[in-house]
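The structure appears below as structure tokens.
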Amino acid sequence: MADRRRINGPPGSTIPPVFEDDAGQPEIMNGKGRDRAPNTIRKMFLKTGVTPSASGSAYLEFEDSGKSGVSGLKLSCTVHGPRSLPRSSPFSPHIVLSAHIKYAPFATKQRRGYLRDPSERDLGTHLETALRGAIIADRWPKSGVDIIISIIEGDQDRETSKSQGDETWDMMNALSGCITVASAALADAGIDCVDTVAGGVAALVQDAGEDSTPRIVVDPIPSDHEKVLGACCIAYLPTRDEVTNLWFKGDLPASDAGLYTQLVENGMQASRNANRVLVECLGEATS
Amino acid sequence: MPLDTSTYSLALLRVDGRRWNELRRIHAQIRTQAAADGSSYLEMGHTKVMCVVTGPSEPGPRRGGAGGTGGGGGVGAGGQSKDAEVVVNIVIAGFSSVDRKRRGRGDKRTLEMQSTLANTLAATLHTHLFPHSQINISLHVLSQDGSLLAALINAATLACVDAGIPMTDYVTACTAGSTSTYAANDEGADPLLDLNHQEEQELPGLTVATLGDSDKVVALVCESRVQISRLEGMLAVGVDGCKQVREILDQVIKAQGQKMILDGTVDKGTGLNDMDLD
Amino acid sequence: MATATSSTGAPPPSLTFARPVFAKLSPHPYLLRTLSPDSPDQQPTRNNGRSPQQSRPIQINTSSLSQAHGSSLVRTGDTTVICGVRGELLPVTSIPQFRPHNGTLYDQDEDDEQRARKELRDYDLLVPNIELATGCAPQFLPGVPPTTLAQTLSTRVYSLLHGAGVVDGRGLRIWYTPENKKEEGDMDVKEEQEEEQKPEVVAYWVLYIDLLFVSFDGNPFDAAWAAVLAALRDTKLPVARWDPDREMVVCRKGGDKGLDIRGLPVACSAAVFLEKEHAEVGKGEGNRHWVLLDPDRSEEGLCKEVITVVVDCSEEETRVRSIEKQGGTVLGRELIRGFIGVAEGRWREVKEATGI
Amino acid sequence: MTVTTAPEAALGVLPRADGSAKYSHAGYTVTASVNGPIEAQRRDEHPYEAHVDVIVRPAAGVGGTRERHLESILQSSLTQIVLVKNFPRSLVQIVLQVEDAPENDYVNTKLVQASLNFAIMPALFQTSVLALLSAGVPMRATATATAVAIVSRDGTKTSVVDPSPRDVEIARSVHVLAFTSHDELLLAESEGDFTVQEWNHVYETAKDVCCRPVPTKEGMEMILDDEHTNGPDLRHFLRSTMENKVASDLHWK
Amino acid sequence: MTSSQQVLLSPAELSYLHSSLSLTPPIRPDGRSPTQYRPLSAETGILPGTNGSARICFADGTEAIVGVKAEVEKTKRKWDDDAVYTENSHNDDEEQQQDGRGEASNGNGNSDWVELTVEIPGYRDDDPSTVFLAQMLSEALLADGGFIKKLRINRRFHWKLYLDILLISPPLSYPLPLLSLTTHLALLATRLPRLKSEGDEDPFFDDDWAAAPYLYSRNPTTKRIAERPPVTLLVMAVGGNIIFDPSKEELAVADVALAVSIGDATTSQRSQGEDDRMDVDSGNSGGRNLKLLSIRTVDPPSRLTPPGVANAANSAYGHAQVVNTGANQKMPEARQTESEAVEGVWKPPRGGAKAIVMGALVQKVLVRGGVADEVLDALEGVDTS
């Protein structure tokens, strides 16, 4: 059933272009390995107040590491509220936070539809969890705030990610970006938080080549590595040294817990770095 | 594949070996679900449904759109009305039919069944006793082989009885059909009782629900073409079938009642004296 | 300040507000006041400091997105819109009631172009969609179906794309010449061979044109259209060919070639601001009006009558591609003709920004 | 269905609606129902004005983006002629059902397209005006609309009033104009490729069709010998339709 | 809001609950020990129409049914994947990747071989909480690559597995543990028709259901199940205590709640090769070597509970200052009163949790002979054949 409220194009299904040299493609990208130190994240550009009519807004862009099929993440976030809840909704002693994340149709090589798919809704839930810990919710009873993030450009084309079966790794990168940009927008909207929360990703990766042993890197680009064994995305409050959201996925032997703790440690490290950028940006905005 | 009616005309036996006025095996039990106020499980042949009743209770917060799986088919304005609102919610499991098909939320047929059910029950339950409240009836279809609506109605009745919601009488339903298609316009077509999936596909049929062992019809759904002349016969058979179903359901409930008394979950006496415990 | 206070029935001096407060409290008198200065030597200005006939500077960046085949970002004042164009392949086999035309790869004549335009329409090869529900303004929150405004905008872009014939449909065809075996070819009679080697269209490119409003402050159509045009000019499709043994279209990396875009139609919108807010329309005389070029969000809220003119001055004679005028009776023939002149001015600005 | 057929209209065709009209012209047949002024939902309630709500239902299938656009155009135009100030916080609802559209063997009508169908606009517009009249909704003016296409046949450009779909398809530009009974330009929609002069000419043609001075009783003959001018005389048509309606309603007197 | 159907508890109740759970040992409302699960009754193979099904009733009456249905699906491949499939590429690992790449061109990967839907009565299937549950469960399944491999028939075909998870009872408690366990059993009971065809020809199957092998192969000799589907455990921390399988009320006062998915890494060849040792292992539950598949933070509803008002701050007691009213919250002293905790007055937790605490939760799950082992043992008790 086609969406009557949009222009749906030809009735016959269209196919995204298929390239002759697909076969070689993954090798090309695996060949070009990670060129950053394992404990440094990509450069990012953060700016608040991109949408004047919103109560708060921010734009985040990751440095574009000129690899094939890899492009910097581009996010724009708007915050509306605090505003009074609709008459229909029940009483709430706190501000009701609702996060909404949507990939733009042109954000990934596979064109996305306009309706949110489960993965996007899932991201939204993660983001809510991460932010709910940060904001001081009981200062706005009976009110609500909407946080809307549009992912203007994805981290790497879905084709690659799908083929590596590591779409979720990209999702983690996206989520960490969303957390950072959302917290910037919240600050821009002047909603009190206990601290600026920022996202960070750490992954246990296996590089190409037989002899390479698994190592832990922060802010991974999956296509840099032969295989991602596990990754975690962390929303972290540096001054309180607290984690508001932890999302781990992978395949770790339970035998050595060290691995897990290291991952988390690195994730926190990554978010600390992101936080520095965040604080800096907010400082500029206020000054 | 087309239903071979010739076998019927010869042996007067249907594809599953039943006679024209035979019900399929009905197995039912109530109080299957500890957490709910009332619950039931019912099999009509291979059609298996579960029903869970919660309430009468305070109407919950309106969930978005209330359409689709979220409490569709509401009757009565709930919160402000002085009758209880009957909210029916049918979940058709993906694995219920032979080839798995995903019923998206807001599936029209499901919605229609929801409202039919809600209306039927709202008419029979004494909703006026529970103003400003809501009776939630959620049904799960685990396996379907025809007569789905009938099965749902019967299951809902059982669950409501289990929940102790006062009602006029049992609402029992079953389907009736006719041995030959509309196209084959023969007058000699016999009516059939309790259609299975295959018969439902091939032959004209209707679902009828009656009140107790009276002949009062509380619901009648006919979605297929059939000569008006045949309709009366079908209806008669259907109503008769409902009576049989009622007997079975009544047994189930009585048995459960006895069990509960014997277990001592309720003490004999209070208003149960008239119930025969032989 | 002083003028502002006096305009609203001179409240006691104790109670004087800042200009923005007035602008919010009673927008219509406020705008009216700023538009009709006391002394003739003052120029009438709008709340946003522009003169009635002055439009916001437009700024166009292209190919900022790497995933899309073509992209653009257009900023006019506080209205920001991103456009991404993505090409996908539509094999003729999956087109219902496809009618192979008798054109060939080589004829570039007029009617072939007409045929191409018809194909664009019939097979729906251009798919523009405008997404407003990005929180780009308080009234556009996500989770709701596209508003009437969004749908209307999409339709207008769609109609204009086809009506103005911006995209040359011939660029979207993918040809294939079934070559037959040499030896057969030899024994074949010449013209028969030509018959078999006649190239045929096996697939079309479908252009998904998606527009995302990042920030919304009035006059969405002009910005959106500018973005669409810029993105289309920026679009480069990979070289595609039909592979008979795999029976699918495959593309080659590199050597992408751009689309053939016809002319540079530019949209220019204005809203009519009436002196008497709730005056009976039509009794035009005695009710002064101002034509506000490129209105922003607050002004759009105050105006009913709007006009959008799309002009193309690429050729020596100005061609009009579209006129859309609704919601009022102020703009008569003369005013509209005058406005077309204004649009020509706007055209030059946009041409400047497009950098061609 | 040829273009030259005179318009036909019937008023009050729907018994339950406050007002209704059935109008057919240039191959299009549209039925409209008007209800109002009625209570408005708080969503589209305006403190000073009545909200005019227009719903367009296509001949086949359900409405899409195109219908939304048509609705918004009609809505903004009709709001101008209805005396909305008289009914604050209320709603005037106009439902337009397209019953018949000219069959076209050239354009494949199978797939519903989003592009705006200009030829249908006058029919929709005219029907809603008639329906408003029959509903007795106070209006400050009546209005008439027509469509004009500029078709270049063998080199020479000719303007066609009420173009057939085929004309629209081959036309270089298509225009829809609506005028109030005060001869004001109420609505102007044009698409295609044209010059200011062409538009000027279109304006003249349309105005002639829409705003020919209503003939007085003795002017009747004048109309009759006026046949050579192209297109029907819509304003006169509108007036006579209403007169007939009134006459038939009052025949018992 | 995931996990939180609006909890209807007063601040007083909450604070009582919180303090009693913070005791050592904690006192749970239903008298369970911190690590104890709700007693449950389970049965499998209840739906003949499915490839595998299970039903679990928790003692508190919550009940779930899971049905698994499998269909043969043509593996979408890239045009030149014959080139990709070299003979030596039968090492499973690579094969995985190439399967993936094969589909890459058509834009869907292995994850599409499993479709998991969750039905919670009264919730739309696109409700955030429902989506969150579905994602969490499928995530755990897909995390161990071994599972997807089982679905492979040959190069050109694979099984498409549909898991339909129905919550029958009204959602009294956060249904995650229930659904996870039920899914686990259903998968254990799942069997796919025996493949008769060889190689890459179109598959045809043995229609004898008895001969159908289990998706999770049993060890021929010991009839024990070599490897098991993942299990997702819900664990929360309150005060200094770690509490498993919390009820709705307990969750309402949680400081932090995690959903931890673990898998059983007992490899198949080990089960064949070293039965004896396995049997030994089966004696002590420590034998199983677990693996950590996924962790998710479950948003604790405690953040959405109404705060209590301390007497000191209660204007009804003649004290001027009222906590959390707009008047004074911008003032530092108001902040201070906000942040300071009064004994016996409920304050919804603010901020996050220390990483150490989370680590402790995870450890508690994974440690040998820990809760994960217990749960898996308990599930082994269920007859799934």
Side-chain angles (χ1 to χ4, degrees), chain A residues 3-22 25 50-55 57 59 64 66 68-72 74 76-81 83 98 100-102 104-112 114 116 146-150 152-154 156-158, chain C residues 64-69 71 78 80 82-91 93-96 123-129 131 133-138 141-143 145-146 150-151 154-155 157-158 203-206 208 210 212 214-217 237-238 240 243 248-253 297:
Chain A
D3 188 344
R4 286 187 286 104
R5 301 192 188 84
R6 292 199 171 82
I7 297 173
N8 297 301
S13 63
T14 58
I15 322 156
V18 179
F19 288 96
E20 284 170 324
D21 41 12
D22 265 352
Q25 203 175 20
V50 288
T51 308
S53 56
S55 27
S57 62
Y59 172 82
D64 190 339
S68 70
V70 183
S71 59
K74 294 186 181 65
S76 112
C77 173
T78 59
V79 171
H80 295 273
R83 51 166 75 181
S98 68
H100 186 285
I101 298 181
K102 182 79 191 82
F106 45 76
T108 50
K109 192 145 275 166
Q110 296 295 328
R111 183 171 182 275
R112 289 243 187 185
Y114 275 97
R116 280 194 299 166
D146 301 275
I147 297 161
I148 303 116
I149 295 183
S150 4
I152 294 167
E153 186 151 57
Q156 66 174 333
D157 57 46
R158 275 173 106 209
Chain C
S64 44
L65 302 181
S66 59
Q67 306 289 12
H69 288 129
S71 64
D78 285 342
T80 312
I82 299 179
C83 177
V85 177
R86 158 88 28 87
E88 292 198 359
L89 290 157
L90 177 69
T93 52
S94 62
I95 300 180
Y123 307 145
D124 242 352
L125 300 183
L126 305 174
V127 191
N129 270 299
E131 181 62 291
T134 57
C136 56
L141 289 185
Q151 298 185 47
S154 302
T155 317
V157 171
Y158 185 99
Y204 291 95
W205 282 104
V206 176
Y208 288 93
D210 296 295
L212 202 72
V214 174
S215 172
F216 181 94
D217 187 20
L237 294 174
D243 187 316
M248 62 186 284
V249 177
V250 290
C251 307
R252 203 174 325 109
K253 281 237 163 32
R297 208 159 106 253

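Every value quoted in this text rests on a predicted model; they were computed, and no experiment measured them. Each chain gets a letter, A, B and so on, in the order its sequence line appears, and its residues count up from 1. Below, each value reflects all heavy atoms present in this structure, side chains not excepted, and no hydrogens, waters or symmetry copies.
- In this structure, CG in C/Asp124 is found 11.5 Å from OG1 in A/Thr14, a value given to the nearest 0.5 Å.
- With sequence neighbours left out, the salt bridge (Lys or Arg N to Asp or Glu O under 4.0 Å) criterion links A/Arg6 to A/Asp3, C/Glu131.
- For the pair A/Val50 and C/Thr80, the minimum side-chain heavy-atom distance is 4.5 Å or more.
- When heavy atoms are compared at a cutoff of 4.5 Å, C/Pro91 approaches chain A solely by way of its side chain, counted from C-beta outward.
- For C/Pro238, the part sitting under 4.5 Å from any heavy atom of chain A is the side chain, from C-beta outward, and nothing else.
- Partners of C/Ser154 by side chain to side chain contact (heavy atoms under 4.5 Å, CB included), not counting sequence neighbours, listed by chain and number: A/Ile7, C/Asn129, C/Ile130.
- Heavy atoms only, all atoms of each residue included: A/His80 and C/Gly135 are closest at NE2-O, 2.7 Å.
- Looking at A/Ser53, the atoms closer than 4.5 Å to chain C (heavy atoms on both sides) sit in the backbone and in the side chain alike.
- Heavy-atom pairs under 4.5 Å with chain C peak, among A/Lys74, A/Arg116, A/Arg83, at A/Arg83.
- Put simply, CD1 on A/Ile148 and CG on C/Leu141 are 5.0 Å apart, with the number rounded to the nearest 0.5 Å.
- Comparing C/Pro128, C/Ala240, C/Cys83 by how many heavy-atom pairs each has under 4.5 Å with chain A, the most go to C/Pro128.
- Of all the heavy atoms in A/Asn8 and C/Val127, the pair that sits closest is C-CG1, 4.0 Å.
- Chain A forms more heavy-atom pairs under 4.5 Å with one residue of C/Pro138, C/Pro145, C/Gly84 than with any other, namely C/Pro138.
- Contacts between C/Thr93 and chain A at a heavy-atom distance below 4.5 Å are absent for every atom of the residue.
- Between chain C and the options A/Pro105, A/Ser55, A/Gly81, A/Ser76, the largest number of non-hydrogen pairs under 4.5 Å is found for A/Pro105.
- In this structure a side-chain-to-backbone donor-acceptor pair under 3.5 Å is missing from A/Thr51 to C/Ala137.
- Heavy-atom pairs under 4.5 Å with chain A were tallied for C/Ala203, C/Ser94, C/Pro146; the largest tally goes to C/Pro146.
- No other option in A/Gly9, A/Ser98, A/Cys77 has as many heavy-atom pairs under 4.5 Å with chain C as A/Gly9.
- Here the closest non-hydrogen pair linking C/Tyr123 and A/Pro10 is O-CB, 3.5 Å.
- Listed here is the closest heavy atom pair of C/Leu89 and A/Pro17: CD1-CA, 3.9 Å.
- Side chains of A/Tyr59 and C/Val214 form no contact here, defined as non-hydrogen atoms less than 4.5 Å apart.
- Here A/Pro52 is the residue among A/Pro52, A/Ala54, A/Ser57, A/Ala104 with the most heavy-atom pairs under 4.5 Å with chain C.
- In this structure a side-chain-to-backbone donor-acceptor pair under 3.5 Å is present from A/Glu153 to C/Gln67.
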